[in-house]
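Every heavy atom of this structure was used, including side-chain atoms; hydrogens, water molecules and symmetry mates were not. Everything quoted here is computed from the prediction, not taken from an experiment.
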Amino acid sequence: MKVTSETLPERQVKLQIEVGDSRQTEAMEQAFKRLAPSVQIRGFRSGKAPRALIEKQLGHHRLLDEAMEILIPIAYREAVEEQALIPAANPAFELVSHEPLVFTATVPLEPIVELGDVGALRVPRPPVVVKDEDVAASIEDLRRRYGSVEPVDRPAAKGDLLRGSVRALVAGDTVFSEEEVEFRLTDENLAQLPGLVEALVGMTKNEEKEITVAISADAENPTLAGKTTTYQISVLEVKEEKAAALNDDFAKSVGEGFESLAALRTRIEENVREAQEQASLRAYESEAVDALVEQASLEFPAVLVEHEVNHILEGQADIDPRDPQAQALYVERLGKSEEEVKEGVRAEAEMRLKRTLVLSKFAEAENISVEDADVEAEIDAMAGSAGEQAEAIKALFANPGTRETLRHSVQTRKTIARLVGIASADSEASTAAAATAAKKPAAKPRRSAPRKAE
């Protein structure tokens, strides 16, 4: 076998492989034995006719094609081993000639990742400041939840609770339908149905309406973006919320009860701070990873980006990756070409790939690993906070695949915690905090905001 190699950009190598006549003859013999039993020739049992008759019935090219299917994968593996290559994905084959057998294989190679000076990486970490208005907003939300809801005989206004039915149609086809549901009339709650809030404001009890809306191309809902949509609306009831009075009696009625409004405010401030610290940490982790990616040097084959694009689309459409038609049907529902849909997520896919490659290299450089004991501790922590579902949690992670997913999650968390410790290493405390974050279980029980008693 003769192999020549050509280095291509983006971590690819093009191999040209020429297979000797003797091996091709051997593959033709294997192809004949594989195909002969399927050939029926009058006067002979299946596969027992003379070879000349069987070959004439099959045709020489049919035998050649079968021989190629047998020989090309074997020759490719031998060529890769001979050239000491480490493929990152399946190659792209191209047949140059049948006889002699000559084909090319464009091989995507493992990415190259150089991290740069990780020890010098620093990312400013702003302090968390709890604003009075954040606390006030949480208190107002609590007042609303502990308040009352009363039917009103007036036109609907933003903030009201409506009970009714909504259908959305595009080109005569129903793309959304809910019957006799209750929802809050706010822009946030109805963001996936652009123009619906404006249509509902001013409607009254037992009123019906049909309205057509031209939705902008940048709307959040891809099903409606850029489409002319008809809403069929029926309002059955309009309700108004009345917030609870803000006093000590209100504080005593909240959750497990508080001695005074001041005590309730203190707890809410603690909850707001905890939530903001968690959100700040998540944002800082993302900034630290981005900084590491920015200073790294990467080279990878484009096919890996394409794989990530497909993963994103599978997640968006909630489709089975084993179903070859699922993605095509999803693209069709969006009303765009496959290339348009893929281009829409390609930048995100490339960044996700870079982050994965860089974090993997960083974990390797820092000798970060996850032992079986770490996984067991993680499962115990989740089971411990799951109450009656504890045994179900343990049973779930008895599955090797699920267990491996958890191991990867723990590894990622430990890796990012170590990176945060480096990026914010302006004091010993920040490194200690990062180490603590790495040990936190995935399902750590949180002290929730006070809720209305059932």
Side-chain angles (χ1 to χ4, degrees), residues 1-8 10-111 300-311 313-314 319-329 338 399-401 404:
M1 186 171 71
K2 180 181 178 182
V3 181
T4 59
S5 173
E6 177 188 359
T7 300
L8 302 178
E10 296 183 335
R11 288 295 290 159
Q12 297 180 100
V13 166
K14 186 174 185 178
L15 302 178
Q16 179 161 303
I17 303 166
E18 182 176 343
V19 181
D21 292 343
S22 61
R23 294 192 64 178
Q24 188 165 357
T25 300
E26 182 182 338
M28 290 287 284
E29 178 65 24
Q30 289 178 279
F32 172 76
K33 290 179 179 178
R34 183 184 291 183
L35 294 174
S38 64
V39 178
Q40 300 290 334
I41 296 179
R42 188 175 181 180
F44 297 93
R45 285 182 298 160
S46 177
K48 298 301 182 179
R51 176 163 180 166
L53 290 178
I54 292 176
E55 287 192 10
K56 183 178 180 181
Q57 179 88 349
L58 286 169
H60 185 64
H61 280 286
R62 178 71 182 88
L63 275 175
L64 269 177
D65 289 343
E66 189 71 22
M68 299 305 100
E69 290 186 14
I70 295 170
L71 189 52
I72 286 177
I74 298 172
Y76 166 71
R77 288 195 296 271
E78 291 177 359
V80 164
E81 185 176 344
E82 177 186 312
Q83 297 290 315
L85 302 178
I86 304 178
N90 291 330
F93 291 116
E94 185 176 343
L95 187 64
V96 177
S97 69
H98 281 92
E99 299 175 296
L101 173 58
V102 180
F103 67 94
T104 63
T106 301
V107 188
L109 301 179
E110 279 197 329
F300 49 83
V303 67
L304 296 187
V305 178
E306 195 66 24
H307 289 172
E308 195 63 45
V309 165
N310 289 332
H311 290 159
L313 294 182
E314 287 161 8
I319 58 179
D320 185 346
R322 296 167 298 182
D323 182 354
Q325 299 299 319
Q327 185 169 302
L329 292 173
E338 181 177 0
N399 178 281
E404 188 58 32

side-chain contact (heavy atoms from CB on, under 4.5 Å) evaluation trace for T104 with F93: CA-CA 6 Å; T104 63; F93 291 116; over 6 Å; no
Would you compute the distance between atom NE2 of H98 and atom NE2 of H61 and round it to the nearest 0.5 angstrom? 7.0 Å
Residue pair A89 / H307: nearest heavy atoms and the distance that separates them: CB-CE1, 3.7 Å
Note: A105 and P91 closest approach over all heavy atoms is CB-CB, 4.3 Å
Taking it one step at a time, do E82 and R77 satisfy side-chain contact (heavy atoms from CB on, under 4.5 Å)? CA-CA 9 Å; E82 177 186 312; R77 288 195 296 271; over 6 Å; no
Report the distance from atom NZ of K33 to atom CE of M28, rounding to the nearest 0.5 Å. 13.5 Å
Might you work through the salt bridge (charged side-chain N to carboxylate O under 4.0 Å, His left out) test for R51 and E29, ending with a clear yes or no? CA-CA 10 Å; R51 176 163 180 166; E29 178 65 24; 2.3 Å; yes
pair E78-Q83: side-chain heavy atoms closer than 4.5 Å: no
Would you say the side chain of V102 lies within less than 4.5 Å of the side chain of Q16, judging by non-hydrogen atoms? yes
What are the two closest heavy atoms between G401 and N399, and how far apart are they? N-OD1, 2.8 Å
Less than 4.5 Å apart, side chain to side chain, heavy atoms only: is that true for V13 and E6? no
To the closest 0.5 Å, what do you measure between CD1 (I72) and CG (L95)? 5.5 Å
Quick one: are D21 and P100 in side-chain contact, heavy atoms under 4.5 Å? yes
Between F103 and Y76, is the ring centroid distance below 6.0 Å? no
Main-chain N/O of L109 paired to Q12 side chain as donor or acceptor, under 3.5 Å: no
Got a sec: does the CD of Q30 have more than 12 other heavy atoms crowding it under 6.0 Å? yes
pair E55-F32: side-chain heavy atoms closer than 4.5 Å: yes
Is there side-chain contact between P108 and V303, with at least one heavy-atom pair below 4.5 Å? yes
Measuring only between side-chain heavy atoms, which start at C-beta, is L15 closer than 4.5 Å to T4? no
Any side-chain heavy-atom pair from I54 and L58 closer than 4.5 angstrom? yes
Measuring from atom CG of L101 to atom CG of L64, what distance do you get when rounded to the nearest 0.5 angstrom? 9.0 Å
Check E66 with R62, please: is the shortest side-chain N to carboxylate O separation under 4.0 Å? yes
For side-chain contact (heavy atoms from CB on, under 4.5 Å), just list the numbers for M1 and R23, CA-CA rounded to whole Å, side-chain angles, deciding distance to a tenth of an Å, and then say yes or no. CA-CA 9 Å; M1 186 171 71; R23 294 192 64 178; 4.3 Å; yes
So CG of L35 and CG of D65: to nearest 0.5 Å the spacing works out to 10.0 Å
